[in-house]
Structures are given as C-alpha cells and as structure tokens.
Chemist: 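Here it is, the structure in full.
Residue numbers run from 1 in the order of the sequence given.
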Amino acid sequence: MKKQLKLFIILSISILLTGCWDLIEIDENFFISAMGIDIYRGEEHSADEAERKAEESQITQKDRFIITYVAPDLRAIGKNATSEEPRIVMASISNNPYETTKELATRINRNFSFRHVKVVLIGEEVAKNKEYMLEIFDNLGRHEQLSRKIYVLIVKGTAKEIIEIEDPFEPVTGQLIYQILNKKQGSHRYNDVVLEEVLTELYFSGNALLPRAIPGKGEVKIAGSGIVKDFKLIGWLGEVENIAAMFLMNRVNNALLNIEYDNAVVPYVITNSNTKCNISVDGDTIKYTANIVTEGYIQQYKLEAANSITDEKTIVAIEKSLEEKLGKEIQVTFNKLQKEFKADVIGLGRNMRKYEPDLWDEIKDDWEEVFPTIEFEVNVDARLRRIGMTK
C-alpha cells in the first residue's frame with residue numbers, strides 16, 4: 001500500500017511540474033494584438049527599405065493585400081527593459097493572411113502567435129469587395145488560433161491609418177481598441193459585436209452591422225457602424241442612428257438622450273431598456289411593431305427653474321418629450337435601413353424565423369424584396385425613475 005501511495009505521489013508531482021508543452025520561451029513569441037487588412041495598389045507600406053527590397057522579387061499580380069500585424073515589444077517590459085519602443089509593427093504584401101505569416105517568418109526570429117489577437121481592422125476598400133470579404137471571414141472563422149470573441153471593425157479609410165496612430169495612453173493598437181469597445185461609457189454609439197456574432201449574422205443572411213473605426217489626429221475613434229449587405233459594405237450609420245438601431249436590436253442598457261425642455265437641454269441617462277418585437281399579418285401586409293420600454297434618470301436641469309423637476313406635471317412632460325424624440329429617431333433610422341439601403345441588419349428576419357416560423361417559411365426566399373415593404377411602428381414608454389439630488 002505504501003509503495004502504491006509513493007508511486008501515486010511521484011506521478012502526481014511529475015504532472016504538476018510539467019513545463020510548457022511547446023518548449024517556446026515567452027520572449028521568442030510575437031504576440032499579435034491587432035491585424036489590419038488593406039488593398040495593395042503598388043504603394044509603399046509600413047515596412048522598412050530593406051523589407052521592401054526583399055519583397056520586390058516576390059510580388060506577383062495576384063498579391064492583393066497589405067496585411068499589417070501589431071504586437072507589444074516584450075523587450076520594453078520590466079525593470080531591465082532593453083527597448084524604448086512599446087510595440088512592433090510588421091507589414092507584408094500577400095494574397096491572404098496565411099501567406100503573410102509565412103512570408104514574415106522569413107524576416108523575423110519570433111514565432112507568430114494569434115491567440116492574443118484582440119481586433120481585426122478591415123479597410124474600407126476591402127470591405128466594399130464581396131469576394132474579399134467572403135475570403136477574409138472564411139479565414140477568420142477557420143483560424144485555429146483566433147478566438148471567436150475578437151472584434152472585427154471596418155475602418156473609414158485604411159487599416160494602416162489606424163495602426164500608424166500611437167495613442168499616448170495605450171500605444172498597442174489591439175489593446176487600445178479592445179479597451180474602448182469594452183467601456184460602458186461609449187456603448188451603443190457603435191455595435192460592439194464579436195466575431196462569433198458577426199459570423200452568425202453573415203451565415204444567416206449575408207448582412208451585418210459592424211463597428212466603425214475612424215482615424216483622427218493622434219487618436220482612434222470608434223463610432224457608428226458599417227452596413228454590410230450581401231457580404232459587402234454599402235454604407236454607414238452615424239452615432240445617433242446607431243443608438244436607434246441598437247434599440248431595435250434590444251442591445252441597449254446604458255445610453256444618453258438629450259431633449260429640449262423649458263429652454264434647457266435635459267440629458268436623460270438610460271439605465272435599462274427592453275424592446276419587444278411584434279409581427280402581425282393583415283392580408284398581404286406584414287407589420288412590424290417595436291415596443292420599447294426605457295428607464296433612467298435626469299442628469300441635469302436648471303437651478304431655480306419655474307417648473308420644478310420634482311413636480312409631477314414636469315416629470316410627465318419630460319417623459320412625453322423623451323418618447324417623441326426617441327420614437328422619431330428610431331423611425332428615421334429604420335426608414336433609412338429599409339428604403340435607402342434595403343438591408344435587414346437589425347435581425348428582423350432572424351426573429352421572424354424564431355417567433356413566426358410558418359410566416360418565415362413562406363417569405364424567406366423573397367426576404368430581400370419583402371423587407372422594404374414591411375409596415376413599421378414604434379411605441380416608446382420612457383420612465384423617469386430618478387431626478388438626481390435636489391435641495
């Protein structure tokens with residue numbers, strides 16, 4: 001019995017003390033945090049002169065992309081740092097992301113790791129090309145190291161412009177954008193969907209609403225969304241329009257709505273929201289009704305206002321103004337998606353398949369023609385729960 005116990009202890013210790021399975025030291029890895037994809041048109045890119053000369057004899061007519069990787073420079077971490085640069089940026093001209101990795105492997109003594117990728121940035125021109133988008137999302141869905149929880153953004157411009165920005169607070173591009181998207185303060189001004197959700201929408205209808213990245217002077221802004229229809233970018237939603245779309249998708253739990261009341265701008269902070277979708281049929285007419293209930297509080301009003309914020313009539317009047325403004329913004333946004341873009345990016349078809357399967361079976365093959373003809377109505381119930389501190 002004692003021998004068996006000793007043998008068990010020895011085997012347990014050997015398992016617990018097992019080292020890294022791949023025998024690769026941390027500082028021998030190139031931990032990619034962000035990947036940018038742009039169309040190659042013969043222009044120079046962010047590689048240095050030596051790299052460009054090395055590529056001159058390798059570029060072919062089939063090379064379509066400039067693919068850029070960003071990773072933290074591990075040499076700049078710790079007390080005995082040997083580098084002052086916080087990040088490493090590498091780019092290559094290639095036909096696909098997989099080829100990029102193989103090509104860059106000839107110029108770097110690190111092992112590429114995609115397990116820490118936070119974001120993928122797709123340039124505007126790439127996103128407008130259906131064939132490129134089909135290939136890219138197939139690659140992202142198949143990649144054995146990429147998490148399904150990464151963010152995919154469409155850039156207003158090129159991914160290179162975003163990557164070249166070195167933010168003073170977080171210079172590593174992938175980590176910067178990941179932190180922005182995970183903050184609650186800016187939520188619903190963009191559609192914070194992850195790769196898994198995007199693939200689900202694309203597999204179902206070929207349509208999706210992806211967050212938009214905008215390069216600025218020394219900063220990156222995430223605001224609005226790109227409208228993807230039939231696997232290609234066809235237009236944009238602005239920040240206010242995006243918030244309205246989020247209500248229709250029932251993805252709002254923290255947002256801000258400004259209204260004018262009594263010659264003052266009153267900010268209404270939404271702390272909770274719920275949208276219920278109702279679909280009815282009258283003859284050949286399909287009607288979609290969005291019933292939205294919001295709860296929130298007033299962030300500011302006016303000192304010594306004639307209409308006290310504590311007065312019940314004032315509260316009711318503010319709630320009515322909120323309902324009218326939010327309802328109008330949602331109506332305008334839905335009309336834009338339905339009439340201008342003719343794109344169901346709010347998941348209405350998916351909801352119909354779930355809650356009205358018989359109806360969906362009848363119209364699913366003609367959904368692209370049916371969606372622009374649907375009648376729409378929005379009902380908003382805005383509830384003012386708190387009015388802040390008062391005297």
Chemist: Can you tell me how far the CZ atom of Arg353 sits from the CG atom of Leu348, to the nearest 0.5 Å?
Modeler: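 So the gap between those two atoms works out to 13.0 Å.
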
Chemist: Between Phe137 and Tyr203, does the ring centre distance come in under 6.0 Å?
Modeler: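 Here the rings of Tyr203 and Phe137 have centres that are no less than 6.0 Å from each other.
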
Chemist: Going by salt bridge (Lys or Arg N to Asp or Glu O under 4.0 Å), name the pairs with one or both residues in residues 221-234, residues two or more places apart or in two chains.
Modeler: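 Every pair satisfying salt bridge (Lys or Arg N to Asp or Glu O under 4.0 Å) with a residue in residues 221-234: Lys130-Asp230, Lys221-Glu239, Lys229-Glu368.
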
Chemist: Out of curiosity, Asn182 CG to Asp192 CG, how far, rounded to the nearest 0.5 Å?
Modeler: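 CG of Asp192 is found 8.0 Å from CG of Asn182.
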
Chemist: Mind checking the CG-CD1 spacing from Asp167 to Ile162? Nearest 0.5 Å is all I need.
Modeler: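 Answer for the CG-CD1 pair, Asp167 versus Ile162, is 11.0 Å.
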
Chemist: Please work out whether the ring planes of Tyr151 and Tyr178 are parallel, tilted or perpendicular, with thresholds of 30° and 60°.
Modeler: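 Tilted: the ring planes of Tyr151 and Tyr178 meet at 30° to 60°.
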
Chemist: Shared ILVMFWY cluster between Ile214 and Ile227, side chains joined below 4.5 angstrom?
Modeler: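 Each belongs to a different hydrophobic cluster.
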
Chemist: What residues, two or more places apart in sequence or in another chain, satisfy side chain to side chain donor-acceptor pair (under 3.5 Å) together with Glu201?
Modeler: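 Counting only residues at least two positions away or on another chain, Glu201 forms a side chain to side chain donor-acceptor pair (under 3.5 Å) with Arg350.
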
Chemist: Would you name the heavy atoms of Pro168 and Gly218 that are closest together and state the gap between them?
Modeler: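 Answer, listing the atom of Pro168 first, then Gly218: CD-O, 4.3 Å.
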
Chemist: Do you know the tightest heavy-atom contact between Ser273 and Ile292?
Modeler: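 Shortest heavy-atom separation between Ser273 and Ile292 comes out as OG-CG2, 4.1 Å.
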
Chemist: With a 4.5 Å cut-off on side-chain heavy atoms, are Leu121 and Ile37 touching?
Modeler: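 No, their side chains stay 4.5 Å or more apart.
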
Chemist: When hydrophobic residues are tied together by side-chain contacts of less than 4.5 Å, even through go-betweens, does Ile136 share a cluster with Leu134?
Modeler: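 Yes, one cluster joins them.
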
Chemist: Would you say the ring centroid of Phe376 lies under 6.0 angstrom from that of Tyr288?
Modeler: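 Ring-ring flag for Phe376/Tyr288: true, centres closer than 6.0 Å.
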
Chemist: Is it true that the side chains of Arg115 and Ser147 contain a donor and an acceptor less than 3.5 Å apart?
Modeler: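 Their side chains do not contain a donor-acceptor pair, so the 3.5 Å distance test is not met.
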
Chemist: Got a donor-acceptor contact below 3.5 angstrom from the Asp344 side chain to the Gly349 backbone?
Modeler: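 Side chain of Asp344 to backbone of Gly349, a donor-acceptor pair under 3.5 Å: yes, one is there.
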
Chemist: To the closest 0.5 Å, what do you measure between OG1 (Thr373) and CD1 (Ile363)?
Modeler: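 Reported value, rounded in 0.5 Å steps: 8.5 Å.
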
Chemist: Would you say Val240 and Met246 are hydrophobically clustered, going by side-chain heavy atoms of ILVMFWY under 4.5 Å?
Modeler: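 They do not share one cluster, since no chain of ILVMFWY contacts under 4.5 Å joins Val240 to Met246.
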
Chemist: Could you check if a side-chain atom of Ile318 sits within less than 4.5 angstrom of a side-chain atom of Ile298, using non-hydrogen atoms only?
Modeler: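 The answer is yes, as the side chains (C-beta and beyond) meet within the 4.5 Å cut-off.
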
Chemist: Can you give me every donor-acceptor pair (side chain of residues 321-335, partner residue at least two apart or in another chain, under 3.5 Å) with its distance?
Modeler:
residue	atom	partner	partner atom	Å
Ser321	OG	Ala317	O	3.1
Glu323	OE2	Ala382	N	3.1
Lys325	NZ	Asn258	O	2.2
Gln331	NE2	Asn335	OD1	3.2
Thr333	OG1	Glu329	O	2.9
Asn335	ND2	Gln331	O	3.3

Chemist: Phe31 vs His116 aromatic rings, parallel, tilted or perpendicular, using cut-offs 30° and 60°?
Modeler: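 Correct class here is perpendicular.
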
Chemist: Walk me through it: do Leu181 and Leu153 pass the test side-chain contact (heavy atoms from CB on, under 4.5 Å)?
Modeler: CA-CA 10 Å; Leu181 288 168; Leu153 298 90; 4.1 Å; yes

Chemist: Run the side-chain contact (heavy atoms from CB on, under 4.5 Å) test on Val345 and Leu337 for me, step by step, so that the C-alpha distance in whole Å, both residues' side-chain angles and the decisive distance to 0.1 Å come before the verdict.
Modeler: CA-CA 8 Å; Val345 293; Leu337 294 173; 3.8 Å; yes

Chemist: With distance as the sole criterion, is a donor-acceptor pair present between the side chains of Ser225 and Asn242 under 3.5 Å?
Modeler: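 Checked: Ser225/Asn242 side chains pair up, N/O donor to acceptor below 3.5 Å.
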
Chemist: Treating Glu241 as the side-chain partner and Gly238 as the backbone partner, does any N or O pair qualify as donor plus acceptor under 3.5 Å?
Modeler: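 Confirmed, Glu241 side chain pairs with Gly238 backbone.
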
Chemist: Quick one: side-chain hydrogen bond (donor to acceptor under 3.5 Å, both in side chains) pairs with a partner in residues 205-216, sequence neighbours left out?
Modeler: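 For residues 205-216: none.
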
Chemist: Quick one: do Glu161 and Lys156 satisfy side-chain contact (heavy atoms from CB on, under 4.5 Å)? Show the steps, please.
Modeler: CA-CA 9 Å; Glu161 293 177 271; Lys156 182 68 173 176; over 6 Å; no

Chemist: Just grab all the salt bridge (Lys or Arg N to Asp or Glu O under 4.0 Å) pairs involving residues 268-295, residues at least two apart or on different chains.
Modeler: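 Of all non-adjacent pairs touching residues 268-295, those that pass salt bridge (Lys or Arg N to Asp or Glu O under 4.0 Å) are Lys287-Glu377, Glu295-Arg385.
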
Chemist: Could you work out, with side chain to side chain donor-acceptor pair (under 3.5 Å) as the rule, every residue matching Glu196, not counting sequence neighbours?
Modeler: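 Applying side chain to side chain donor-acceptor pair (under 3.5 Å) to Glu196 gives Lys149.
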
Chemist: Would Glu103 and Thr100 count as having a side-chain donor-acceptor pair, cut-off 3.5 Å?
Modeler: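 Checked: Glu103/Thr100 side chains show no N/O donor-acceptor pair below 3.5 Å.
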
Chemist: Of all the heavy-atom pairs spanning Pro86 and Pro171, show the shortest one and how long it is.
Modeler: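 Looking at all heavy atoms of both residues, the shortest contact is CG-CG, 3.5 Å.
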
Chemist: Donor-acceptor pair, His143 side chain versus Phe114 backbone, under 3.5 Å?
Modeler: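 Flag not set: sc His143 to bb Phe114 has no pair under 3.5 Å.
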
Chemist: Taking the ring of Tyr190 and the ring of Trp236, is the distance between their centroids below 6.0 Å?
Modeler: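 They do not qualify: ring centres at least 6.0 Å apart.
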
Chemist: Taking all heavy atoms of Ile234 and all of Ala343, pick out the closest pair and write down the distance.
Modeler: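 Scanning both residues completely, I find the closest heavy atoms to be CD1-CB, 4.3 Å.
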
Chemist: Can you tell me if CZ on Phe204 sees more than 12 non-hydrogen neighbours from other groups inside 6.0 Å?
Modeler: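 More than 12 within 6.0 Å, yes.
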
Chemist: Would you say CD of Glu369 has more than 12 non-hydrogen atoms from neighbouring residues, nucleotides or ligands within 6.0 angstrom?
Modeler: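 Enclosed: over 12 neighbouring heavy atoms sit under 6.0 Å from CD of Glu369.
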
Chemist: Using atom types as modelled and distance alone, determine if a side-chain donor or acceptor of Asp38 lies under 3.5 Å from a backbone N or O of Ile122.
Modeler: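 No, because the side chain of Asp38 does not come within donor-acceptor range (under 3.5 Å) of the backbone of Ile122.
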
Chemist: May I ask you to decide if Gly157's main-chain N or O and Glu124's side chain share a donor-acceptor pair within less than 3.5 Å?
Modeler: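 Flag set: sc Glu124 to bb Gly157 pair under 3.5 Å.
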
Chemist: Indicate yes or no for a side-chain donor-acceptor contact from His188 to the backbone of Arg251 under 3.5 Å, with no hydrogens or angles considered.
Modeler: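 Checked: pair present.
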
Chemist: Which atoms form the tightest heavy-atom contact between Arg87 and Thr173, and what is the distance?
Modeler: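 Looking at all heavy atoms of both residues, the closest pair is NH1-OG1, 2.9 Å.
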
Chemist: Do Thr275 and Asn291 come within less than 4.5 Å of each other through their side chains, counting heavy atoms only?
Modeler: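 No, side chains not in contact.
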
Chemist: Count the heavy atoms belonging to other residues, nucleotides or ligands that lie under 6.0 Å from NZ of Lys313, then report whether that count exceeds 12.
Modeler: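 No, not enclosed.
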
Chemist: Is Ile177 reachable from Ile165 through a run of hydrophobic residues whose side-chain heavy atoms are each under 4.5 Å from the next?
Modeler: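 Same cluster.
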
Chemist: Kindly indicate whether the side chain of Cys277, heavy atoms from C-beta on, has any atom under 4.5 Å from the side chain of Ile279.
Modeler: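 Heavy-atom side-chain distance check passes, below 4.5 Å.
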
Chemist: Just wondering, more than 12 heavy atoms not from Lys336 lying within 6.0 Å of its NZ?
Modeler: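 For Lys336, atom NZ is crowded (more than 12 foreign heavy atoms under 6.0 Å).
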
Chemist: Does Val293 share a hydrophobic cluster with Val252, counting links as ILVMFWY side-chain heavy atoms below 4.5 Å and allowing steps through other members?
Modeler: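 Different clusters.
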
Chemist: Kindly determine whether Ile32 and Val70 satisfy side-chain contact (heavy atoms from CB on, under 4.5 Å), including the steps that lead there.
Modeler: CA-CA 6 Å; Ile32 298 168; Val70 185; over 6 Å; no

Chemist: Find out whether Leu210 and Asn191 are in side-chain contact, i.e. whether some heavy atom of one side chain is under 4.5 Å from a heavy atom of the other.
Modeler: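 Of all side-chain heavy-atom pairs linking Asn191 with Leu210, none is under 4.5 Å.
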
Chemist: Taking the basic N atoms (NZ, or NE/NH1/NH2) and the acidic carboxylate oxygens, is any pair closer than 4.0 Å for Glu197 and Arg148?
Modeler: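 No, no charged N to carboxylate O under 4.0 Å.
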
Chemist: Taking Lys339's backbone N and O only, do any of them form a donor-acceptor pair with Lys342's side chain (distance below 3.5 Å, no angle check)?
Modeler: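 At least one qualifying donor-acceptor pair exists.
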
Chemist: In Å and rounded to the nearest 0.5 Å, what is the CD1 to CD distance from Ile346 to Gln338?
Modeler: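 Atom-to-atom, Ile346:CD1 and Gln338:CD are 9.0 Å apart.
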
Chemist: Check whether any side-chain heavy atom of Leu359 sits under 4.5 Å from a side-chain heavy atom of Met352, and report yes or no.
Modeler: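 A side-chain contact under 4.5 Å exists here.
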
Chemist: Classify the side-chain pair Thr294/Tyr268 by whether it contains a donor and acceptor separated by less than 3.5 Å.
Modeler: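 Present: a donor and an acceptor within the cut-off.
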
Chemist: Can you name the nearest heavy-atom pair linking Val198 to Val193, along with the distance?
Modeler: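 Residues Val198 and Val193, closest heavy atoms: CG2-CG2, 3.6 Å.
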
Chemist: To the closest 0.5 Å, what do you measure between CG (Leu384) and CD1 (Ile315)?
Modeler: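 Rounded to the nearest 0.5 Å, the CG-CD1 separation comes out at 5.5 Å.
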
